[in-house]
Number of protein chains: 2
Amino acid sequence: MPSSLAESDASQTLNASALTQLRSDIIACRLMPNERLRVEALRERYGMGASPIREALMRLEAEGLVELEQNKGFRVSEVSRENLLDLMNTRIEIESIALRWSLEKGGVEWEANLLSAFHRLSRQSKIDPANTAAISEAWSKEHADFHTALVSACGAPTLLSIRSRLFEQAERYVALSIMSSSPLRDDVTEHKQLMRAALNRDVDKTLDLNRMHITRTLDKVAVALEASKAHVDPRMMNRKTLK
Amino acid sequence: MPSSLAESDASQTLNASALTQLRSDIIACRLMPNERLRVEALRERYGMGASPIREALMRLEAEGLVELEQNKGFRVSEVSRENLLDLMNTRIEIESIALRWSLEKGGVEWEANLLSAFHRLSRQSKIDPANTAAISEAWSKEHADFHTALVSACGAPTLLSIRSRLFEQAERYVALSIMSSSPLRDDVTEHKQLMRAALNRDVDKTLDLNRMHITRTLDKVAVALEASKAHVDPRMMNRKTLK
DNA sequence: ATCAAATAAATTTTCGGCAATCGATTGACG
DNA sequence: CGTCAATCGATTGCCGAAAATTTATTTGAT
């Protein structure tokens with residue numbers, strides 16, 4: 001059974017389709033961290049040849065979602081406490097810059113857009129009726145859109161693209177933490193405060209709130225990650241015991 | 001004639017070799033901005049099949065050095081004044097964070113490494129005896145190493161990888177500016193000051209110097225870019241004149 | 001039994017060729 | 001004369017199979 005809801009629309013290259021689906025599957029942890037990505041398996045999963053898949057994997061390697069080892073193939077990037085901390089700390093700083101610039105430059109258009117994004121987010125249920133063990137895909141979309149709207153007026157495309165890459169990586173950790181423990185926190189309030197501060201052009205407050213928003217996620221994910229570490233390490237231990 | 005000095009060493013995947021050579025050729029502007037990258041031509045240039053080349057190109061697209069348009073193939077990323085400004089502004093902020101953390105955390109090891117990198121850089125001639133229209137490749141290497149040494153203790157791999165990606169993109173603009181006008185500035189002094197401030201753990205001064213270092217490059221490149229804009233736009237104008 | 005070399009299986013990586021697509025040119029028609 | 005449709009060449013994108021490499025298994029010597 002094909003995995004992703006995002007069915008490849010018409011007139012896209014298989015390459016692009018593979019890229020979208022793979023990225024989506026990795027971020028949602030339908031392909032688990034450290035899982036080996038055998039081309040034959042993916043070939044079957046997505047119903048296409050090896051070339052578009054390898055190309056997509058190379059692309060994802062640059063994005064940091066996939067790792068490649070010479071002649072040993074691809075695997076989904078490993079997760080770890082250190083990587084999580086690294087990622088979140090970096091993300092906080094990057095978003096801070098983007099937010100600062102966005103608050104400086106944002107006009108009416110930006111304000112309207114932000115309000116609109118918040119409204120859509122607040123009306124979207126976080127829980128997925130179909131799959132209670134996962135966050136609603138629609139909510140994820142609106143959530144991402146809201147945070148994008150916050151920084152969208154920053155005027156530095158390079159910075160924005162870096163930001164969204166980090167955001168995606170963080171989403172993977174969140175997906176992971178949902179799978180183990182899911183006391184879904186209510187973050188409508190958080191988002192509202194964030195928006196208010198931004199609209200008031202209160203840079204310090206916005207940055208603080210954003211930092212707290214990220215930190216709170218980080219803590220939750222870190223706990224879940226530590227808990228799931230109790231599971232067996234997937235390294236094979238098939239060497240026969242000595243004497 | 002194969003282009004890059006960096007001959008693909010033994011036992012590397014063709015894929016990896018293509019990646020290295022392509023990146024090097026693009027950064028050095030041996031493949032010019034906006035130039036179309038036909039696979040057949042690259043196939044011949046690097047002496048390999050289409051697959052490893054396409055894979056490398058996809059990788060480079062994620063890095064921002066190459067652009068892909070559906071069914072129309074790849075081209076080297078466009079350069080522009082806006083992109084240059086965007087790039088440099090982003091780079092300043094990112095390096096500022098990395099520097100701050102590096103100065104906080106750097107130990108003796110880091111200091112030693114930095115001194116060593118500076119020494120190597122200061123003893124390396126900037127001009128290439130073989131090709132006076134280009135910067136010595138050895139110098140570029142030492143220069144990159146020096147700046148990497150400055151931030152190396154920052155402790156955030158994610159941030160460092162972002163930094164080096166931006167650094168590479170900037171190198172391309174520098175290469176471009178060298179080709180048109182080359183009043184090579186003496187930057188040994190600048191680098192020395194930068195190192196001194198860093199070793200003294202003077203965060204503000206280090207950040208300022210770094211900002212100025214980048215800005216100075218930016219200005220020089222911006223002028224050269226504007227000048228070269230007088231050249232004909234490589235867009236074909238083969239439509240017959242009307243009436 | 002232990003270890004190492006040798007073989008076999010599995011998987012990655014690469015190639016050559018074919019189908020789909022785009023851009024330009026040509027020719028028919030209003 | 002200009003517009004639109006059909007055609008052709010060039011180029012991309014894709015597949016299936018071959019080559020190279022790693023991993024697992026067997027064999028043989030000590």
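We name chains A, B, ... by the order of the sequence lines, and we start the count at 1 in each one. FYI, side chains are in, hydrogens and waters are out, and symmetry mates aren't considered; it's all heavy atoms of this structure.
Residue A/Arg54 has no polar side-chain atom (N or O) positioned under 4.0 Å from OP1 or OP2 of D/dC14. For the pair A/Arg43 and D/dG16, the criterion of a side-chain N or O lying under 4.0 Å from OP1 or OP2 is met.
Summary of the strand contacts: B/Gly49 and A/Val39 both lie near DNA chain C, and taking for each the nucleotide with the nearest heavy atom, the more 5' one is attributed to A/Val39. Take the nearest nucleotide of DNA chain D for A/Glu55 and for A/Arg36: the residue whose nucleotide is more 5' is A/Glu55.
Neither side chain, A/Ser161 nor A/Arg165, offers a donor N or O lying under 3.5 Å from an acceptor on the other.
One atom, CG of B/Asn15, and another, P of C/dC15, lie 11 Å apart when rounded to the nearest Å. Distance CD (A/Glu40) to P (D/dA17): 12 Å, rounded to an integer number of Å. Rounded to an integer number of Å, the gap from A/Ile53 CD1 to C/dT13 C1' is 14 Å. Residue B/Leu42 contributes atom CG, which lies 12 Å from atom P of D/dT11 at whole-angstrom precision. Across the protein-nucleic acid pair, B/Gln12 atom CD and D/dA20 atom C1' stand 16 Å apart, rounded to whole Å. Note: CE (B/Met58) to C1' (D/dC14) measures 14 Å, nearest angstrom. The CE-P distance, from B/Met48 to D/dA20, rounds to 15 Å in whole Å. Atom pair A/Arg75:CZ and D/dT23:C1' shows a separation of 13 Å (rounding to whole Å applied).
Heavy-atom distances under 4.0 Å link DNA chain C to B/Asn71, B/Lys72 of residues 59-72 of chain B, given in residue order.
To the nearest 0.5 Å, the span separating OG on A/Ser77 from CZ on A/Arg172 amounts to 5.5 Å. The CD1 atom of A/Ile53 sits 11.5 Å away from the CD atom of B/Glu55 when rounded to the nearest 0.5 Å. Annotation: the span from B/Arg38 atom CZ to B/Arg45 atom CZ amounts to 13.5 Å, rounded to 0.5 Å. Here CZ of A/Arg81 is found 12.5 Å from CG of A/Asn83. Values are rounded to the nearest 0.5 Å.
Other residues, nucleotides and ligands place more than 12 heavy atoms under 6.0 Å from the NZ atom of B/Lys105.
Distance from the side chain of A/Arg38 is smallest for C/dT12 among the nucleotides D/dG13, C/dT12, C/dT14. Among D/dG13, C/dT13, D/dC15, the nucleotide with an atom closest to any side-chain atom of A/Pro52 is D/dC15.
Within 4.0 Å (heavy atoms only), A/Ser51 reaches at least one base atom of the nucleic acid.
Under the side chain to side chain contact (heavy atoms under 4.5 Å, CB included) test applied with A/Phe74, the options A/Glu35, A/Glu67, A/Glu69, A/Met58 reduce to a single match, A/Met58.
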